[in-house]
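Reviewing the structure listed below.
Counting begins at 1 with the first residue of the sequence. Keep in mind the model is a prediction, meaning the values are calculated, not measured.
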Amino acid sequence: MAYVRKNVAALTASERRRFVNALLELKRRGEYDEFVRIHIAYYAADGETGLRAAHMAPSFLPWHRRFLLELEGALRRVDSSVTVPYWDWTRDRTTTSVPWTGDLLGGNGRRSDQQVTTGPFAYAAGHWTIREGVTDGRYLTRDLGRAASPIQLPTQGDVDWALNDGVYDVHPWDSTVTRGFRNKLEGWGTGSGSASWHNHNRVHRWVGGAMLGAASVNDPVFWLHHAFLDMLWERWQRAHTSHRYLPAEPPGAGDAQRGRVVARYQKLPPWDDTPDRMEDVSRIYRYA
């Protein structure tokens with residue numbers, strides 16, 4: 001029987017506590033840091049060589065769907081009642097709304113060094129020391145809303161702009177495409193600065209701190225953010241039933257993207273699942 005992922009704003013006090021405690025237990029066991037290592041390992045950009053599995057590629061959505069399932073499975077081995085909630089940033093848009101509360105993820109980082117000092121993931125609480133990252137920082141950091149150069153979270157209109165595109169992705173299957181649901185949701189745009197960040201990317205920028213780089217998994221909001229993106233993919237799938245993951249076949253010989261993107265029936269490293277298998281997960285979970 002499929003379990004349910006809820007809006008984080010709808011969690012009961014008990015559900016909030018169980019979710020937080022399960023995350024802290026994974027961290028205590030050393031399991032959580034492995035998720036950070038995996039994301040760092042597969043965070044490859046257009047300009048790099050080799051396969052792009054997690055970002056700037058069609059597999060952005062199925063890769064993170066599989067990644068979420070891995071984390072969720074680990075949480076449920078700690079507490080079988082726990083599922084990953086989603087953060088609807090089109091509705092909960094302030095620096096004090098959920099999930100930025102003391103009983104969930106804690107609040108913003110302090111102005112001097114962006115260190116998160118409130119909630120269960122504050123360094124001072126002693127349960128969330130950063131051990132895997134791209135810097136030597138030991139504490140969780142945030143800069144909600146980017147105080148020095150403010151930006152706003154994406155709106156429902158921004159989400160609809162992506163949802164209304166009936167094609168999943170288009171050649172050359174990277175961050176430069178201006179058509180296709182995947183890149184509109186992932187959020188690589190034209191221009192420079194904040195104007196070029198849309199949806200997924202803009203949220204990472206809005207949270208700031210640890211969420212800015214390959215080690216963004218160090219902030220537990222990563223999972224709530226990607227659960228919402230996963231829900232939006234499911235919504236797109238329901239709205240465009242005749243359209244599927246693309247490319248269906250690997251790019252041909254002579255194509256610059258050959259060997260750089262995952263086609264529908266190819267494996268999503270580091271797992272054996274394919275995008276095809278990730279398109280329908282209704283037997284595993286559903287969204288409330």
Spell out, yes or no, whether [X] and [Y] are grouped together once hydrophobic residues are joined by side-chain heavy atoms under 4.5 Å, including indirect joins.
| X | Y | value |
| --- | --- | --- |
| Tyr3 | Val84 | yes |
| Phe19 | Tyr287 | yes |
| Phe222 | Met231 | yes |
| Leu185 | Tyr43 | no |
| Tyr285 | Leu71 | yes |

For the pair [X] (side chain) and [Y] (backbone), establish whether a donor and an acceptor sit closer than 3.5 Å, ignoring hydrogens and angles.
| X | Y | value |
| --- | --- | --- |
| Asp103 | Arg17 | no |
| Thr118 | Gly106 | no |
| Trp63 | Pro269 | yes |
| Thr101 | Val98 | no |
| Glu132 | Ala215 | no |
| Lys27 | Thr129 | yes |
| Arg93 | Pro154 | yes |
| Arg142 | Gly107 | yes |
| Asp165 | Arg179 | no |
| Tyr42 | Leu51 | no |

Nearest non-hydrogen partners of [X] and [Y], listed with the distance:
| X | Y | value |
| --- | --- | --- |
| Ala263 | Tyr245 | C-CE2, 3.9 Å |
| Pro220 | Leu105 | CB-CD2, 4.0 Å |
| Glu31 | Ala74 | OE1-CB, 4.0 Å |
| Ala125 | Gly119 | CB-O, 4.3 Å |
| Pro120 | Leu24 | O-CD2, 3.9 Å |
| Ala22 | Val78 | CA-CG1, 4.0 Å |

From [X] [atom1] over to [Y] [atom2], what is the distance, rounded to the nearest 0.5 angstrom?
| X | Y | atom1 | atom2 | value |
| --- | --- | --- | --- | --- |
| Leu229 | Leu61 | CG | CG | 7.0 Å |
| Ser216 | Ile40 | OG | CD1 | 8.5 Å |
| Arg182 | Ser59 | CZ | OG | 8.5 Å |
| Thr155 | Asp160 | OG1 | CG | 8.0 Å |
| Asp273 | Leu69 | CG | CG | 8.5 Å |
| Phe181 | His243 | CZ | NE2 | 13.0 Å |

- Task: List the steps and the verdict of side-chain contact (heavy atoms from CB on, under 4.5 Å) for Asn201 and Trp188.
- Result: CA-CA 7 Å; Asn201 285 350; Trp188 302 105; 3.1 Å; yes
- Task: Can you establish whether the number of heavy atoms outside Arg29 located under 6.0 Å from its atom CZ is more than 12?
- Result: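 Buried by this count: over 12 neighbours within 6.0 Å.
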- Query: Is it true that atom CD of Gln152 has more than 12 heavy atoms of other residues, nucleotides or ligands lying nearer than 6.0 Å?
  - Reply: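 Not more than 12 within 6.0 Å, no.
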For the ring pair [X] and [Y], is the centre-to-centre distance below 6.0 Å?
| X | Y | value |
| --- | --- | --- |
| His39 | Phe35 | no |
| Phe60 | His200 | yes |
| Phe67 | Trp223 | yes |

Classify the ring geometry between [X] and [Y] as parallel (under 30°), tilted (30 to 60°) or perpendicular (over 60°).
| X | Y | value |
| --- | --- | --- |
| His171 | Trp173 | perpendicular |
| Trp87 | Trp206 | tilted |
| His55 | His226 | perpendicular |
| Trp128 | Phe121 | perpendicular |

- What's the verdict on side-chain hydrogen bond (donor to acceptor under 3.5 Å, both in side chains) for Arg91 and Gln156, showing C-alpha distance, side-chain angles and the deciding distance? CA-CA 8 Å; Arg91 295 189 176 191; Gln156 185 61 50; 5.8 Å; no
Taking the side chain as every heavy atom from C-beta outward, state whether [X] and [Y] have any atom pair closer than 4.5 Å.
| X | Y | answer |
| --- | --- | --- |
| Pro58 | Val262 | no |
| Trp89 | Val159 | yes |
| Leu268 | Pro275 | yes |
| Ser194 | Arg202 | yes |
| His198 | Asn183 | no |
| Leu212 | His204 | no |
| Asp79 | Asn21 | no |

- Item | salt bridge (Lys or Arg N to Asp or Glu O under 4.0 Å) partner of Asp230, the single match among Arg286, Arg235, Arg65 |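 The residue from Arg286, Arg235, Arg65 that satisfies salt bridge (Lys or Arg N to Asp or Glu O under 4.0 Å) with Asp230 turns out to be Arg65.
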- Task: Any chance you could lay out the side-chain contact (heavy atoms from CB on, under 4.5 Å) test for Asn199 and Glu186, step after step, and finish with the verdict?
- Result: CA-CA 6 Å; Asn199 289 316; Glu186 188 174 3; over 6 Å; no
- Query: Are Ser282 and Asp280 linked by a side-chain donor-acceptor pair shorter than 3.5 Å?
  - Reply: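 Yes.
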- So, is the end of the Arg264 side chain (NZ or CZ) under 6.0 Å from the ring centre of Tyr168 and within 45° of the ring's axis?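 Ring-cation test returns no.
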- Test Val116 against Asp219 for side-chain contact (heavy atoms from CB on, under 4.5 Å), laying out the working first. CA-CA 10 Å; Val116 174; Asp219 193 331; 5.9 Å; no
- Message: With a 4.0 Å cut-off on N to O distance, would you call Glu15 and Arg18 a salt bridge?
- Response: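 No, this pair does not count.
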- Message: Quick test of your reading of the model: are Arg260 and Asp46 salt-bridged, counting only N-O distances below 4.0 Å?
- Response: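 Answer for the salt bridge query: no.
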- Message: For Leu23 and Leu75: C-alpha separation, side-chain torsions, deciding distance, then whether side-chain contact (heavy atoms from CB on, under 4.5 Å) applies.
- Response: CA-CA 7 Å; Leu23 282 170; Leu75 292 172; 3.9 Å; yes
